[in-house]
Amino acid sequence: MSNLGVLLQHEWKLKAKRREKRGKIKMPRVWLYVYSGIVVALVVILATYLGWKGQTRFVQIWNFNWGMLFWAIGIAVQNIKREWSNETVGWWLALPYSRGNLISAKFIASLLRWAKTLALVYLGLFAFMTYVMLLEGDGAKIPDTLVTGVEWYVIVLSLSPFVISLGTVSALLRRSTLQPIFPLIWGVGNLIINAVAALFLLTPLTLGTKCIFILISWVITLGLLRLAVHLLERHVVI
Amino acid sequence: MKEHEIGTLRFGLDLSLPLYEQIVNQMRGSIARGEIALGEKVPSVRELAQGLKINPNTVMSAYKELERDGLTETRRGQGTFITHSQETVDQFRSEWAEKAIDDFIEKMDNLGYSLEDISSIIQRKKEGRV
Amino acid sequence: MKDPVVQFRDVNLSYGSRMVLQDFNIEIPSQQVVGILGPNGSGKSSFFRLIMGLNQPDDGEIAVLGHSPGWRNNHQIAYLPDRARWYGNHTVEGAIQWGGDLLPGFDSMKAKELAEWMEIDSSMRIDEMSKGQEARLMLIMCLARKVPLIILDEPFTGIDTHSRERIMDALIDYVTEGEQTILISTHEIYEAEGLFDSVFLINEGQVALSGEAELLRAEHGSMMQLVKKMSHGGRGL
């Protein structure tokens, strides 16, 4: 396997699980189940209520993707931050591989992890919507709604490389000698994400326009990744 | 000062003094006093280094010095052993005693004591002890 | 005399406005156990990070094993970072697998032997280990590599006596067998100083004193006492 392949495998296996810190007590598993059970029950009650009431129109619901983009940024930031907070950054950076490989492995791992998380969210949502629509006795709507959902999944995923590279760069900037420009990048980045989310969610764009936006975001992504490599080579402080 | 016991050898190492000399001198002492028997195997460099928590190179050079003294001999593939020859040990012991006395006399000479002065001091010490 | 393993010429390093190393000059002889001693914050860890190319100097020249520092050079260096932890989701076996996959010169068989000898259960997860056990594992990750230079930054700090003795034994064992250069920094453990062939005392970003350990002992006594003197405000020597 190539170096990048092995690095990627390592990144993929890294669990987000935090080490127990002094003074922090792990929640007993039973209680986790209890609370998860309560949440699931509430959701089922809500779905049943919606289905019973009828006339539910799944239009606004796709706006949750706005928040999803920020969740993606969180995943990317965590993936970098973890090396520092778990004090493994020395091992990571001492690896005798090009900084490009290190960054690529982090980036791809974040992207894959995010694709998985997003897929799970969508599956949950599909289950919810299907249940409501079945209760409403409106089974014919189901295929259309699901197709719309899959479209949204693809769009959000296509915008994710940009968001994840932004998260990666921001997290590194905060730990580098170029820290003073962190607020700038972070502010501008968030502005762009909000603008893009508004455009995609609130205005009727043609497929062509969407593709152009996505392509531009990919080009910016490459630039951001290059910047991340440069930060690792020259500016990161450990 | 830290006390260590490795096999039949006993060491008291002081990390504020050169270690090499301490090891050589203490092993010479053990051999001269007969604490470690003739023909007995001495610990390997690794064992002694780990026992004393010191650099093996230091132990190695100390062992070389003992070999130059004729107090130990290395047998290929078997390790290092104390010499079988009581004669060598005795000879070495008397040489060292001689040297110690010479050093002592020189120091006393520096302080202005003659040999007669010294022997009368020693006489007094002997009487005091009895 | 062989070429020095590490050579710094007039190196300056600062973090923001804080000078960490100032006109720093050093030549580390090869195939020795070298102690890098000095009080906390004297610049030992920064010195190591420069060797690894993890931080960049403001100016000056650095040569490590004949090359400029950086990731291209690090396949021949095993480095135990300061205050490091290991990846919590690994088991010991997983860590050894990781080493075999990613670290050049890593000998997985040797690592397993060391783990057994250091009394580390190979199925144990790292996040369930005591600090001492984790420290032993991290040392194994370094000592199982066949590389010309090994750098251990504070391998004894905050570790129980039993683990410390195990680590010392492993190091001595390693030195007996090998021809590597080992750099060890420490600021506190008196017992470790018997390990060193030569010693560099670092204070306030400069080499304050250096030489063969035995000669320094003859002249100044215990080196840890010297370090203590430095850290208690005794500026210069």
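Reckoned from all heavy atoms, side chains included, excluding hydrogens, waters and symmetry mates. Here is the naming used below: chain letters follow the sequence lines, and residue numbers restart at 1 for every chain.
Dense packing is recorded around CD of C:Glu119, with more than 12 heavy atoms of other residues, nucleotides or ligands lying under 6.0 Å away. Open room surrounds NE2 on C:His67; 12 or fewer heavy atoms of other groups in view lie less than 6.0 Å from it. More than 12 heavy-atom neighbours from other residues, nucleotides or ligands sit within 6.0 angstrom of OH on C:Tyr15.
Relative ring orientation between C:Tyr87 and C:Trp98 is described as tilted, the plane-to-plane angle lying within the 30° to 60° band. Ring geometry for A:Tyr122 versus A:Phe64: interplanar angle of 30 to 60°, hence tilted.
In terms of heavy-atom pairs under 4.5 Å with chain A, the best-connected choice from C:Met141, C:Met138, C:Arg72 is C:Met138. Between chain A and the residues C:Leu103, C:Asn74, C:Asp153, the most heavy-atom pairs under 4.5 angstrom are made by C:Asn74. Interface summary for chain A: among C:Leu102, C:Asp101, C:Ile77, the most heavy-atom pairs under 4.5 angstrom belong to C:Leu102.
Residues A:Thr168 and A:Ile80 come closest through the heavy atom pair CG2-CD1, 3.7 Å.
The existence of a salt bridge linking A:Arg113 and A:Glu11 is excluded, since no basic side-chain nitrogen approaches an acidic carboxylate oxygen closer than 4.0 Å. In this structure, C:Arg85 does not pair ionically with A:Glu83, as no charged nitrogen and carboxylate oxygen lie closer than 4.0 Å.
Listed by chain and number, the residues in a side chain to side chain donor-acceptor pair (under 3.5 Å) with C:Trp71 amount to none (sequence neighbours excluded).
Within residues 58-66 of chain C, no residue has any heavy atom under 4.5 Å from a heavy atom of chain A. Residues of residues 216-238 of chain A lying under 4.5 angstrom from chain C, judged on non-hydrogen atoms, are A:Glu233, A:Arg234, A:Val236, A:Val237, A:Ile238 by number.
Interface remark: A:Leu7 contributes backbone and side-chain atoms alike to the contact with chain C (heavy atom separation under 4.5 Å).
Applying the salt bridge (Lys or Arg N to Asp or Glu O under 4.0 Å) test to residues at least two apart or on different chains, the pairs with a partner in residues 135-151 of chain C are C:Asp107-C:Lys146.
No hydrogens or angles considered: nothing links the side chains of C:Ser42 and C:Asn203 as a donor-acceptor pair under 3.5 Å.
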